[in-house]
Novice: 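Dumping the structure here so I can ask a few things about it.
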Amino acid sequence: MTIKDLFKNPPLSKKINVKGWVKTFRANRFISLNDGSTIQNLQCVVDYENTDQAILSKINTGASIEIFGILVASQGKGQSVEIQAEKIIILGESDPDSYPIQPKKHSLEFLRENAHLRVRTNTFSSIFRIRSSISFAIHKYFKENGFVYVNTPIITGSDAEGAGEMFKVTTLNINKAEVEDNGSIDYSKDFFGKETNLTVSGQLEAENMAMGLGKVYTFGPTFRAENSNTSRHLAEFWMIEPEMAFYDLIDNMNLAEDFIKYVLKYVVEDCKDDLDFLNNRLINEDKNKPKQERHELTLIERLNFVVNNDFVRITYTEAYEILKNSKPNKKKKFKFPISEWGIDLQSEHERFLVEKHFKKPVIIYDYPSKIKAFYMRMNDDGKTVKAMDILFPGIGEIVGGSQREERLDVLKARIKELNIDEEELWWYLDLRKFGTVEHSGFGLGLERLILFATGMSNIRDVIPFPRTPKNAEF
Ligand code: ATP
Ligand code: MN
């Protein structure tokens, strides 16, 4: 039985058999066992007088063991049931002196270096169970709302998006690649006969699929070779990208808000034990911080707050005005002062809006076209596009989306203006030639949502094996 099932429906007085890893072994008598199915440990009472000394000496933190015994109501505090061990088998020994995960508090940095074992800690097993629950809720939401799950390519032949921050895919021998006279590499000799990269977004292909399936979404790995060593960026992350025919920007915002609330609500209900643990973890962490740095709400209160309250919606221009007249701007506290209308909002600005000014998630829409991508639909003012970003407290941007430009002539003009190779996008332009329709979509970074759901502050701690600049261990 898994420990989770056992607590749910305790087969009292029955002979049972469990397997797991030893968390602690106290007084030669009490084993705290965990099998990953739940954050709760099962207490196993060892009959030390009748247990072989050779076995007792191998019940060490980190060892894997199998226990046969009888489940009884617990006499001690702290657990409802416990198992009285009749037989213990050591499955895999663990040397107590060299096992890195000692039964004490480790720093997150230390655990990152031991990412292969950190899943045995309460914090990380909780995070990864929550990650799994979120992923399931995402599929469930789309299934219930009539979306088709599509898989867009991971190796992409189009570099229209994100040029410069892509990982090259090649089978050329890079030590003696075919070089042309002008010094560039001859990709016609490469595997695909052209330059290819790992995808930075499945959007363009998802738009393609939506133009026949109506409502689609992708959910897959995404790669960005951006050299930004922040606590919000990974070189490999997972992105959810819905794309909907016949949706305008307002429909798009409504969907994104409803979707995020649904997923968070699901997790609050599905992951009670894990969230309780992380909630207390953060309360304890806050106790060691100066007052002004402490959270006003606990993790669970923050999740419920987001689920139960409308997101603020403001235009870029409104956001710009608020920021321009804000205290930190007037007191020159921003690293990037708010100057002309049209500037890109920096993370410090976004955080001011969500954390200080509104104190709730904010959707900013109708951005200046100059700071947004070529495919976003131009507004009638000729200066702004139907883009929307959703900003979350403690995180910043969690969603980036837009209504897409469906008018062939306008799209072509934008492509030309930005010096993008039109030939590359022939298939994307075809969508505007044959039965074009109003449509919209967005991208949500899975790890950023998990950051919010778990209260963790570094994105490296919510993906099992993070890839970041100079780091691809494991
Ligand atoms: P940012 O400004 O934070 O770099 P972006 O504008 O590059 O984000 P988009 O291209 O709109 O982001 O991607 C959609 C979503 O994907 C973002 O809102 C974010 O949640 C997520 N995302 C983007 N880049 C990363 C990354 N390097 N690591 C993790 N998640 C990311
Ligand atoms: Mn980015």
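Note that these values count all heavy atoms, side chains included, but never hydrogens, waters or copies made by symmetry. Residue numbers run from 1 in the order of the sequence given. Read the numbers this way: they start at 1 and go in the same order the structure lists the ligands and their atoms.
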Novice: Out of E397, E447, E350, indicate the one that has the non-hydrogen atom closest to atom 6 (O) of ligand 1.
Specialist: E397
Novice: Any N/O of G445 closer than 3.5 Å to an N/O of ligand 1?
Specialist: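 Checking ligand 1 against G445, an N or O pair does fall under 3.5 Å apart.
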Novice: Tell me if the centroids of the rings in F392 and F311 come within less than 6.0 Å of each other.
Specialist: yes
Novice: Between Y316 and Y365, does the ring centroid distance fall short of 6.0 Å?
Specialist: no
Novice: Find out whether I450 and I134 are in side-chain contact, i.e. whether some heavy atom of one side chain is under 4.5 Å from a heavy atom of the other.
Specialist: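 SC-SC contact between I450 and I134 confirmed.
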Novice: Go through it in stages, so that I can follow the logic: the residues are E207 and R432, the test is salt bridge (Lys or Arg N to Asp or Glu O under 4.0 Å), and I'd like the CA-CA distance, side-chain angles, deciding distance and then a yes or no.
Specialist: CA-CA 11 Å; E207 274 186 60; R432 277 78 183 165; 2.8 Å; yes
Novice: Among the heavy atoms of D389, does any lie under 4.0 Å from an atom of ligand 1?
Specialist: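 In this structure, D389 fails to qualify as a contact of ligand 1 - no heavy atom is under 4.0 Å.
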Novice: Between H233 and ligand 1, find which residue part has any heavy-atom pair under 4.0 Å and reply side chain, backbone, both or neither.
Specialist: both
Novice: Salt bridge (Lys or Arg N to Asp or Glu O under 4.0 Å) with K433: which residues, sequence neighbours excluded?
Specialist: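 With sequence neighbours excluded, K433 shows a salt bridge (Lys or Arg N to Asp or Glu O under 4.0 Å) to D430, given in chain and number order.
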Novice: Of the side chain and backbone of E226, name the one, both, or neither that has a heavy atom under 4.0 Å from an atom of ligand 1.
Specialist: side chain
Novice: At less than 4.0 angstrom from any non-hydrogen atom of I459, what atoms of ligand 1 do you find?
Specialist: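 Per the distance check, 29 (C).
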Novice: Is the F124 ring parallel, tilted or perpendicular to the F128 ring (thresholds 30°, 60°)?
Specialist: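 F124 vs F128 ring planes: tilted.
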Novice: Please confirm whether R224 approaches ligand 1 to less than 4.0 Å, judged on its heavy atoms.
Specialist: yes
